[in-house]
Protein chains: 6
Amino acid sequence: MLLHLSTWTEVETYLGHSKGIILPIGSTEQHGPTGLIGTDAICAEAVAKGVGEATQALVGPTINVGMALHHTAFPGSMSLRPSTLILVITEYITCLAKAGFQRFFFINGHGGNMATLKAAFSQTYDYLANFNLEVRCQTANWFMCRSVYQLAKELYGDGEGSHATPSEVALTQYIYPEAIKHYPLSETVASGYPIYSAANFRRDYPDGRMGSNPALATPEHGQQFYELAVKELSNAYLEFINAQ
Amino acid sequence: MLLHLSTWTEVETYLGHSKGIILPIGSTEQHGPTGLIGTDAICAEAVAKGVGEATQALVGPTINVGMALHHTAFPGSMSLRPSTLILVITEYITCLAKAGFQRFFFINGHGGNMATLKAAFSQTYDYLANFNLEVRCQTANWFMCRSVYQLAKELYGDGEGSHATPSEVALTQYIYPEAIKHYPLSETVASGYPIYSAANFRRDYPDGRMGSNPALATPEHGQQFYELAVKELSNAYLEFINAQ
Amino acid sequence: MLLHLSTWTEVETYLGHSKGIILPIGSTEQHGPTGLIGTDAICAEAVAKGVGEATQALVGPTINVGMALHHTAFPGSMSLRPSTLILVITEYITCLAKAGFQRFFFINGHGGNMATLKAAFSQTYDYLANFNLEVRCQTANWFMCRSVYQLAKELYGDGEGSHATPSEVALTQYIYPEAIKHYPLSETVASGYPIYSAANFRRDYPDGRMGSNPALATPEHGQQFYELAVKELSNAYLEFINAQ
Amino acid sequence: MLLHLSTWTEVETYLGHSKGIILPIGSTEQHGPTGLIGTDAICAEAVAKGVGEATQALVGPTINVGMALHHTAFPGSMSLRPSTLILVITEYITCLAKAGFQRFFFINGHGGNMATLKAAFSQTYDYLANFNLEVRCQTANWFMCRSVYQLAKELYGDGEGSHATPSEVALTQYIYPEAIKHYPLSETVASGYPIYSAANFRRDYPDGRMGSNPALATPEHGQQFYELAVKELSNAYLEFINAQ
Amino acid sequence: MLLHLSTWTEVETYLGHSKGIILPIGSTEQHGPTGLIGTDAICAEAVAKGVGEATQALVGPTINVGMALHHTAFPGSMSLRPSTLILVITEYITCLAKAGFQRFFFINGHGGNMATLKAAFSQTYDYLANFNLEVRCQTANWFMCRSVYQLAKELYGDGEGSHATPSEVALTQYIYPEAIKHYPLSETVASGYPIYSAANFRRDYPDGRMGSNPALATPEHGQQFYELAVKELSNAYLEFINAQ
Amino acid sequence: MLLHLSTWTEVETYLGHSKGIILPIGSTEQHGPTGLIGTDAICAEAVAKGVGEATQALVGPTINVGMALHHTAFPGSMSLRPSTLILVITEYITCLAKAGFQRFFFINGHGGNMATLKAAFSQTYDYLANFNLEVRCQTANWFMCRSVYQLAKELYGDGEGSHATPSEVALTQYIYPEAIKHYPLSETVASGYPIYSAANFRRDYPDGRMGSNPALATPEHGQQFYELAVKELSNAYLEFINAQ
């Protein structure tokens with residue numbers, strides 16, 4: 001059940017039997033010469049919809065732009081500053097908490113969002129306590145699902161890398177087969193550098209990939225990743241909302 | 001050309017011949033008992049994609065949650081505070097301006113965003129001037145296109161109202177025919193009250209509609225609205241980016 | 001009754017029979033080679049005092065500096081950023097709401113304030129709801145009074161323009177006849193350009209006027225505008241505070 | 001020369017021979033049962049205008065609402081939070097500094113503003129350094145002029161007190177003789193309590209006065225205070241703008 | 001009793017008989033060629049510990065970095081902006097106030113903190129009132145103790161100056177005899193310039209001292225200052241927490 | 001070399017041969033019935049000083065209060081909100097970066113700081129890029145050193161837990177043997193609950209410990225942990241500042 005395709009009376013009914021909501025969060029950032037700029041948002045949204053269907057949970061609107069400041073030296077990348085993203089998260093949750101939602105399950109497609117999400121949750125709990133509202137938030141990274149991770153290692157070995165990975169590229173290929181990109185990738189790919197500023201990132205990772213070989217991706221792999229992630233996160237969601 | 005389905009190298013190429021980008025902005029808010037909560041985002045995104053295709057323009061990610069504080073007494077509505085939305089807009093534009101974009105065309109689906117967008121543009125111009133960046137922003141409300149407005153008046157007369165209107169409902173029916181809602185609407189509908197707080201709004205407009213009769217909407221109307229809006233805003237976009 | 005010329009015990013008495021207050025808001029910005037930099041504040045304050053006298057309403061202190069970032073390339077112009085002006089408005093209203101005021105009627109002299117005022121009202125309603133305070137705010141632009149507008153068209157036709165207009169200049173001449181400026185104006189005047197950054201504004205509107213011919217203004221006209229605005233806004237104020 | 005009664009071209013001319021500007025800052029707060037709520041703004045503005053005339057200096061718009069949170073338990077009092085007032089001061093100065101002003105002389109009518117002004121100046125210097133702008137700011141409290149202070153002690157002795165003082169009340173009586181208030185004051189007046197929260201303040205100082213006997217004030221005294229303050233601050237202003 | 005060397009159960013016990021806490025606040029800033037960068041924090045912390053011992057009061061963690069923007073042109077100086085320091089102070093107090101503390105005694109080692117502390121207290125009172133919390137805060141500057149001041153005048157005369165003073169240097173020598181610095185000081189020392197920006201400060205005070213001769217300091221003096229400050233502030237603390 | 005015990009001229013000299021600085025960051029929060037509230041700050045500061053000595057690095061002032069909102073239902077706990085801590089970190093680094101420092105090594109004693117530190121670094125890089133400053137930051141958690149972790153597992157097995165751990169308690173016992181607490185601990189200890197709000201945390205972890213048995217700690221263990229951490233982080237620091 002998608003919030004965007006529901007009416008407020010349907011939400012009212014939903015709240016009669018569930019206090020949980022799923023919020024997809026991605027990013028708008030370079031994913032190497034062949035990865036889509038929307039990769040993280042596309043993956044998070046698709047997996048979230050799948051989990052919503054499997055668990056009858058409500059799925060809210062996708063946060064398309066996350067914390068990707070380190071990618072902004074590549075054109076087309078967009079980012080909020082962490083302190084702004086904290087405000088955004090706090091305000092999303094506050095609106096929904098005042099309406100009766102109590103459990104917020106963020107399905108996340110971007111590693112760079114994790115720290116800010118965690119900080120935002122702490123700040124939100126503290127803020128809502130002023131108004132005697134108590135909620136619980138959880139980040140669920142689809143790419144860190146055990147089953148997803150294992151398949152990626154199996155299929156790609158070291159070629160999985162850590163950004164513009166074949167697993168995420170495969171998932172976007174499954175979702176948008178019409179947007180599969182063909183572009184020659186250099187054989188060598190930078191890897192292992194720590195992440196500092198955007199300028200530094202671009203110097204260290206000149207084509208945007210971090211140790212990955214996205215040429216290994218196929219739409220069929222993408223379907224496998226999708227199904228594994230939906231299954232694993234559906235269980236995680238149910239556990240989350242059913243916990244005392 | 002959708003930013004989310006592009007690579008950074010494609011964006012680099014695009015910047016070689018255009019400095020313009022389209023950014024859809026909607027809202028996540030109640031639209032009466034039969035209107036979708038995502039109506040404003042759905043409409044803005046659909047029209048923006050249409051304009052992008054017609055003009056070869058790049059279309060960025062949709063801002064799904066806008067300024068809808070006055071709707072938040074209805075469950076499922078979400079909003080940013082104006083000062084947060086100003087930050088979000090400023091940071092979107094700043095990232096893109098540093099990459100070379102100069103003209104930002106916001107296709108907007110929600111009247112409640114207009115004031116904050118205007119304020120945000122002023123604040124962004126002033127901020128970017130600190131770094132010798134100069135850009136231009138414009139808000140284009142699809143529902144205020146002259147052709148759209150005329151058709152709505154013709155088809156619905158006073159039944160168009162001003163929120164949860166049959167024209168916007170029709171457009172969502174055209175885009176998501178599977179999500180057409182059937183729910184009995186009271187014959188009388190509140191109208192004419194000024195907008196103050198969320199609690200006040202819900203008291204004045206108990207089912208969320210403002211003077212509208214969305215039961216008049218059909219998907220066929222929706223297609224007409226879509227085509228008129230795309231045509232009119234495509235011209236507006238071209239005029240905007242071609243202005244000296 | 002001017003708040004600045006009242007005591008707190010008088011305000012306490014006033015609150016016993018009225019919950020309304022008028023707040024004048026202007027701007028400090030260039031108004032062409034012959035218009036006063038304080039034009040918008042002067043006009044708003046004068047009209048507000050007139051309305052206060054006519055309706056026995058309390059009139060608060062004038063907000064002298066508003067949102068005029070686009071004028072700041074002309075020396076002497078001052079502006080708050082929209083997000084700061086939102087804070088200012090919120091804090092003004094919060095102080096007064098905690099003391100018992102419930103209806104805030106902003107008499108505004110500057111078009112550039114309108115968007116930010118609207119955003120500020122939304123943000124304030126939402127903030128005060130946290131403390132179970134509910135207020136109503138309204139912007140009343142003296143220059144958009146129907147009677148004012150009609151007289152301006154009658155007297156000046158196209159020469160009214162949209163900034164540094166003869167109608168506002170006339171009003172300042174009526175209030176400060178000793179400050180009537182004589183300075184040769186070029187016959188041609190820029191008009192029709194959209195407003196972007198301050199630098200852009202100054203390039204497009206090199207002497208600061210927007211399509212206006214303030215040389216047409218006279219103090220006698222000013223008196224007429226004053227009387228029309230006071231009359232029309234007095235009615236508007238009474239309607240506002242008497243509404244259920 | 002008042003900024004509000006000047007044109008931008010006159011300001012441009014002024015900047016050709018002076019980089020200084022005077023900014024009056026007051027407050028909107030209770031001043032006991034007979035003192036005007038606008039006392040601090042009225043006094044600061046009047047003295048500033050006097051200094052402007054005596055020194056040919058430009059006088060900007062009055063900041064009517066300052067930092068008076070501790071007075072807000074009395075109706076009609078208004079205040080900005082210190083962090084908001086810091087933003088306001090920073091933005092006023094920034095606009096003017098970009099236009100070429102370099103010396104900012106704040107004539108202040110309210111002790112409660114002093115700390116925030118000082119903090120604001122530090123923050124502004126630091127902010128402007130980012131853009132290679134260097135300015136100087138000074139707070140000049142008219143009520144702390146040596147000559148003013150001496151006359152007050154002479155005329156009123158201990159009755160001067162520290163808030164709603166006869167000296168400031170006298171100055172408002174001189175400026176607004178039509179607004180002299182007659183209201184019986186209790187013979188005993190609270191004094192000596194430290195200032196904490198607004199609620200605490202009202203408990204400690206139930207009628208708003210702090211150790212003062214404003215019944216001693218006369219308009220003639222007010223004129224004397226005015227003349228002493230203008231003379232002393234005119235010298236201070238000239239010294240400030242002429243310093244290397 | 002040091003908060004950092006206590007457990008939460010000990011704090012709970014403490015709150016059973018006292019609602020007061022001492023918070024040391026210093027700065028991290030240049031203190032001339034021979035003064036320690038930590039001087040203000042070291043002194044505030046040492047005196048606070050002494051007062052804590054003498055009065056059985058709880059002593060919280062030292063705020064090491066304060067408001068020292070004007071010193072930041074000298075390497076090693078660090079500062080918060082006033083608006084950030086206000087947030088820090090507000091959040092410190094809020095945490096402790098929610099736990100039951102009501103009286104906050106800031107032992108301060110840096111003149112530059114005073115204005116921002118005062119502003120922060122006002123803002124905190126106002127914020128906490130939203131949650132029906134009422135607290136009292138006081139700044140106690142060890143270097144402004146009457147007894148300290150008198151001894152400094154006696155020992156150093158004009159050589160005390162106003163920054164990098166022999167009295168504060170002496171106190172650090174008493175606390176850290178192993179960190180006594182020997183560095184030739186020029187015989188002439190700048191003094192009397194007002195404080196503006198960091199760049200301006202360094203131009204006016206090229207070696208960082210303000211009219212002081214820290215070569216006069218000895219560890220023995222330091223002990224005397226320590227004892228005087230502890231005695232005087234212990235009395236001040238007891239008076240503060242015992243006041244109605 | 002401690003910044004607080006250095007002069008600005010010594011810092012200037014230091015910058016001639018190193019651009020690195022170590023910043024200890026801890027927390028002020030409950031550590032169970034026997035752990036010190038200052039545990040995280042004490043440990044971070046001690047290890048940082050050790051690393052500073054071993055590597056000749058400059059060590060800045062300790063950030064005593066970090067992000068511990070979830071502990072604030074226990075008296076004596078203090079916390080900054082994440083968005084405030086981000087400001088604090090940004091401003092610390094900005095001051096030092098403008099003075100010439102380029103590598104910032106944060107030795108951290110509290111898991112709850114990690115997310116906010118990471119967010120703060122991203123925001124700082126982005127901010128400094130506006131002024132053409134490029135720096136590198138790294139978080140080094142002493143308790144996550146491989147050697148520390150291994151020894152803890154060896155000595156305590158599951159009794160290490162994840163908060164108020166015997167390893168951190170041991171380290172504080174080594175540093176402050178006079179502050180070893182004796183208090184009966186319940187045999188059962190809560191563990192495994194996720195961290196949400198402060199109220200929730202206290203319900204789940206009623207005595208503040210998370211699965212740990214701090215009764216196992218000894219000062220001798222503390223010395224071992226200290227030496228291991230100093231050694232491992234000294235290597236990490238040198239690697240960090242020597243990296244290209």
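Each chain gets a letter, A, B and so on, in the order its sequence line appears, and its residues count up from 1.
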Take a 6.0 Å sphere around [atom1] of [X] and say whether it holds more than 12 heavy atoms from other residues, nucleotides or ligands.
X      : atom1 : value
D/K19  : NZ    : yes
E/D158 : CG    : no
E/K231 : NZ    : no

How would you list, in number order, the residues of [range] that have a heavy atom less than 4.5 Å from chain D?
range                       : answer
residues 195-207 of chain E : E/I195, E/Y196, E/S197, E/A199, E/N200, E/R203
residues 47-77 of chain E   : E/M67, E/L69
residues 118-140 of chain E : E/K118, E/A119, E/S122, E/Q123, E/Y125, E/D126, E/E134, E/V135, E/R136, E/C137, E/Q138

ring-ring contact (aromatic ring centres under 6.0 Å, His included) against D/F101, all qualifying residues, sequence neighbours excluded: none
D/P82 to E/I86 - nearest heavy-atom pair and separation: CB-CD1, 4.2 Å
